[in-house]
Structure formats: C-alpha cells, structure tokens
2 protein chains.
Amino acid sequence: MQEVTTHFGNVSRKCRYALRAMFELTLRQGGKPLKVNEIAASQSISVRFLEVILSELRQGGFVESRRGKSGGYLLARKADSIFVGQIINFVQGNGHRDCLDTSKQTVPGDWAMAGLWRRVNEVVDNIYNNTSFADLIAQEAAMKDDYIGNYVI
Amino acid sequence: MQEVTTHFGNVSRKCRYALRAMFELTLRQGGKPLKVNEIAASQSISVRFLEVILSELRQGGFVESRRGKSGGYLLARKADSIFVGQIINFVQGNGHRDCLDTSKQTVPGDWAMAGLWRRVNEVVDNIYNNTSFADLIAQEAAMKDDYIGNYVI
DNA sequence: GTATAATACTACTAAACCAATAGGAATAGT
DNA sequence: ACTATTCCTATTGGTTTAGTAGTATTATAC
C-alpha cells in the first residue's frame, strides 16, 4: 500500500503553525494570557509571522487577545469545543472560497470523479471535525507515555 | 458538519486531467489506440498540455503509445489493475518528494500532529488505492442510471 | 499621565509552484 | 518521400505561500 497524498494532510505551513499555536495555548492555558514570543519560541515559529497568524485566529473567534504590558493570547473557548477542522477551514480557506462546481461542462467521468472527491472529503472531514484540541493534548500524552514505555523501561 | 478540505481531494488540476485521460482510455479502449486530440476534445483539456501529461503517464508505465499516422495511446494494463492512487502518487509526486521529517526539532505537539496526519493519510490512501478505473466506470454508469431513475421516470 | 510593552493593521517582497505554451525532433504508416 | 502523430526540453505567466517591515493602537504599571 503506497502513500498517495503529500504528508501533513495537504495542509499549508501557515495552517500547521496555526494548529500548533492553538495546541500551545491549550497546553499552557491558566488565566494569564500567553505572549506571542513565548509561543513562537516554544514552537520555533517566526515571531512576526506568528503575529499575523494569531491575529487571524482572533478575527475567527478562536482566541482572545489582551493588549498592553501584560497582554497576550488566550483560548476563546474551552479546548474540547474547538476542533482542528474549524481551524483548518478558517485559515486555509480565507478569502478565496474556491467556486466549487462552476464547471458544469459535463464530460465523461464527471459523476464518478465527483463521487470520488466526495468520499475522500467525507472521511477527511470526519477526522478533522472530530478532533478537538483537548483530544490532541490527550493523544500527545498517551503517545509519549507509549514511547517511554517501549524504549526506556 | 462543515467542509474542511478544498474540493477535488487536494489533487492538482494536472493530476485530475491525468485521471480523466485514464478514465477516457478505459472507457473507449478497443484495440485501436486513442489519439490525444480525441481525448482532449472529449474531456475539454488543452491538447498541448494533455500531450505532456500522457507522456508522463507513459513513462510511469500506465499507458502505452503508438507513434506515426495511426498512433495514439492505450492502457498498459487491464483497467481493474490500475488504481487511482497509483496515478495520483505518480503525477503529483514527480520529482520533489517532500523531504518528510527532516525537521526532527521536537516541539510540543509533534506526536499528536504526526498522529493526526497519519490517520488522515491512511483513510485517504485507503480510498485511492482501492479504486480502480474499472470501478470508476462502473460507478459512473450506476450514478447515471440513478439520476435517470430519479428524475425522468 | 507618561513611558512602555505588548497586540493590530496594512502593505510589501521573494520564492516556490502550477498550468499552459512553444518549437522542434523522432517515428511509423501510407 | 510525405504526413500525421507522439516525444522531448525549455520557457512563460500567473497565482499562492511564507515571511518581513513599518507603524499605529492599546492597556498596564509606575
């Protein structure tokens, strides 16, 4: 069984940064806002670029920001109600909502192809829309434990 | 449930053309080779661009070509042994096999993210690698019948 | 109430990638 | 030989992406 899709689930670097920022915010939430610097350092992302990304996430309603001296970013909702799919959808599809099926030009294979893309989108969406950041944190912990369990004991 | 991925399963236009060309070749196979012109016309693809694509498909061993006056293209194997995933893998990943995980830089979330991409790639690959062009032809026929059944009778 | 440390906004740039084009060389049938 | 076709290599133009830069705005601390 060979690998078909390019890795990272066909998600742009920017979008992956957004996911990691959300992950970090989930991981280190605790009343106090988290500074862009800190997130950037922890995740090794360019500070400037991360500013842009977090600003978009704020406009999307996923995070809240506090300005001024002791400002930073916070999750806008609880981590178990924010799903990976929402972030990907928002960051990836900002602006150019690809005009789906304008091409009603009916060539042989249209039906079969449409069916194929539909099936693929279904399974992918199913994963993305059912993985919350709370889930990711849990998985991270579990996988790390697993690793230690297998290799260190 | 909102839609996450961009439509067409994140497959490039060129790659989609390749799939349609294969579909057409499957549909109209019958001893005689099929000309690029004919495929291009039937699928409304630029002839020149389709030449490039078919040439690549030949190098990939998916089609055979006959040159000269009554030349054209033929499937290299039977349609039920050529899978969508093979085409996508070959056309999409020509040359720049994205240096997967060079970035062993261990930031928080690495494990969880890797797991996420793995799950996504698994389900997608599963679909692509189990859909042959024979399947597509069958599906096309079935879906068309269904359409007629619902709307015309 | 002023200095300061942070986010917010807008625009820009460089590079990568993609779709498509161009021109001609090789080949096989008639 | 002629001609219709595939074959090969290179190049273009456009779009997207990743990242940068400069400045404005805001809230806090003192």
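Letters A, B, ... mirror the listed sequences (proteins, then strands); counts begin at 1. As the structure is a computational prediction, the values presented were derived from the model and not from experiment.
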K.L.:
Please state whether the phosphate of dT21(C), meaning OP1 or OP2, lies under 4.0 angstrom from any side-chain nitrogen or oxygen of Ser46(B).
P.N.:
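It does, given that an N or O in the side chain of Ser46(B) lies less than 4.0 Å from OP1 or OP2 of dT21(C).
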
K.L.:
Strictly below 4.0 Å: does Gln92(B) bring a side-chain N or O up to OP1 or OP2 of dC18(C)?
P.N.:
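No, because none of the side-chain N or O atoms of Gln92(B) sits under 4.0 Å from OP1 or OP2 of dC18(C).
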
K.L.:
Tell me the interatomic distance from Leu74(A), atom CG, to dT7(C), atom C1', rounded to whole angstroms.
P.N.:
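Rounding to the nearest Å, CG of Leu74(A) and C1' of dT7(C) are 13 Å apart.
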
K.L.:
Do any side-chain nitrogens or oxygens of Tyr73(A) fall under 4.0 Å of OP1 or OP2 in dA6(C)?
P.N.:
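No, because none of the side-chain N or O atoms of Tyr73(A) sits under 4.0 Å from OP1 or OP2 of dA6(C).
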
K.L.:
Calculate the interatomic distance between Lys32(B) atom NZ and dT5(D) atom C1'; express it in whole Å.
P.N.:
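My rounded result for the distance is 16 Å.
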
K.L.:
What is the nucleic acid contact for Val36(A), judged by heavy atoms within less than 4.0 Å: base, sugar-phosphate only, or nothing?
P.N.:
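Sugar-phosphate contact only - Val36(A) comes under 4.0 Å of backbone atoms but never of a base.
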
K.L.:
Return yes if the base of dT7(C) and the side-chain atoms of Arg67(A) contain a donor-acceptor N/O pair under 3.5 Å, otherwise no.
P.N.:
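Indeed, a donor on one side and an acceptor on the other fall under 3.5 Å apart.
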
K.L.:
Is Glu64(B) reaching over with its side chain to a backbone N or O of Leu74(B), donor-acceptor style, under 3.5 angstrom?
P.N.:
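Flag not set: sc Glu64(B) to bb Leu74(B) has no pair under 3.5 Å.
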
K.L.:
State, with a plain yes or no, whether a side-chain heavy atom of Ile39(B) is found less than 4.5 Å away from one of Leu54(B).
P.N.:
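Result yes, sub-4.5 Å side-chain heavy-atom pair found.
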
K.L.:
Does dA8(C) have OP1 or OP2 sitting under 4.0 Å from an N or O in the side chain of Ser65(A)?
P.N.:
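Checking dA8(C) against Ser65(A), a side-chain N or O does come within under 4.0 Å of OP1 or OP2.
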
K.L.:
Using atom types as modelled and distance alone, determine if a side-chain donor or acceptor of Asn89(B) lies under 3.5 Å from a backbone N or O of Gly85(B).
P.N.:
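Not confirmed, Asn89(B) side chain does not pair with Gly85(B) backbone.
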
K.L.:
If I compare all heavy atoms of Arg77(A) with all of Gly61(A), which pair ends up nearest, and what's the gap?
P.N.:
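What the structure gives for the nearest pair is NE-O, 4.2 Å.
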
K.L.:
Base, sugar-phosphate, or nothing: which does Glu64(B) touch, judged by heavy atoms less than 4.0 Å apart?
P.N.:
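Since no nucleic acid heavy atom lies under 4.0 Å of Glu64(B), the category is nothing.
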
K.L.:
With a 4.0 Å cut-off, would you call Glu122(B) and Arg118(B) a salt bridge?
P.N.:
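The answer is yes: the pair qualifies as a salt bridge.
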
K.L.:
CG of Leu50(B) versus C1' of dT6(D): gap in Å, rounded?
P.N.:
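Distance, rounded to whole Å: 12 Å.
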
K.L.:
So, OP1 or OP2 of dA6(C): does either fall under 4.0 Å of a side-chain N or O from Lys35(A)?
P.N.:
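Yes.
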
K.L.:
Whole-Å distance between dC9(C) P and Ile53(A) CD1?
P.N.:
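Interatomic distance, CD1 of Ile53(A) to P of dC9(C): 16 Å.
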
K.L.:
As a test of reading the structure: which of dC7(D), dA29(D), dA18(D) is closest to the side chain of Ser70(A), going by heavy atoms?
P.N.:
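That would be dA29(D).
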
K.L.:
Looking for any heavy atom pair under 4.0 Å, which part of the strands does Arg48(B) touch: base, sugar-phosphate only, or nothing?
P.N.:
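Contact class for Arg48(B): base.
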
K.L.:
Identify, between Leu54(B) and Cys15(A), the residue whose nearest nucleotide on DNA chain D lies closer to the 5' end.
P.N.:
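Mapping each residue to its closest nucleotide by heavy atoms, the 5'-most match is Leu54(B).
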
K.L.:
Looking at the side chain of Ser55(B), which of dC8(D), dA20(C), dT6(D) is the nearest nucleotide?
P.N.:
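Looking only at side-chain atoms, Ser55(B) lies closest to dC8(D).
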
K.L.:
What's the CD1-C1' distance between Ile39(B) and dT6(D), to the nearest Å?
P.N.:
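To the nearest whole Å, that distance equals 12 Å.
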
K.L.:
Rounded to the nearest Å, what distance is computed from the NZ atom of residue Lys69(A) to the P atom of nucleotide dG1(C)?
P.N.:
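Distance, rounded to whole Å: 19 Å.
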
K.L.:
Quick check: on DNA chain C, is the nucleotide nearest Phe49(B) upstream (toward 5') of the one nearest Arg66(A), or the reverse? Name the residue that is more 5'.
P.N.:
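On the 5' side of the pair lies Arg66(A).
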
K.L.:
In whole Å, I'd like the distance from the CD atom of Glu56(B) to the P atom of dC18(C).
P.N.:
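Atom-to-atom, Glu56(B) to dC18(C), this comes out as 12 Å.
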
K.L.:
Nearest-Å distance, CD (Glu51(B)) to C1' (dA19(C))?
P.N.:
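Result: 15 Å.
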
K.L.:
Ignoring hydrogens and geometry, is there a side-chain-to-backbone donor-acceptor pair from Thr26(B) to Met22(B) under 3.5 Å?
P.N.:
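Answer holds: yes.
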
K.L.:
Can you check whether Arg58(A) has a side-chain N or O nearer than 4.0 Å to OP1 or OP2 of dA8(C)?
P.N.:
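Answer yes for this pair, as a side-chain N or O of Arg58(A) is under 4.0 Å from OP1 or OP2.
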
K.L.:
Which nucleotide, dG19(D), dA8(C), dA18(D), lies nearest any side-chain atom of Tyr17(A)?
P.N.:
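The listed nucleotide nearest to Tyr17(A)'s side chain is dG19(D).
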
K.L.:
Hey, which sits more toward the 5' end of DNA chain D by its nearest nucleotide, Asn37(B) or Gln59(B)?
P.N.:
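The answer here is Asn37(B).
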
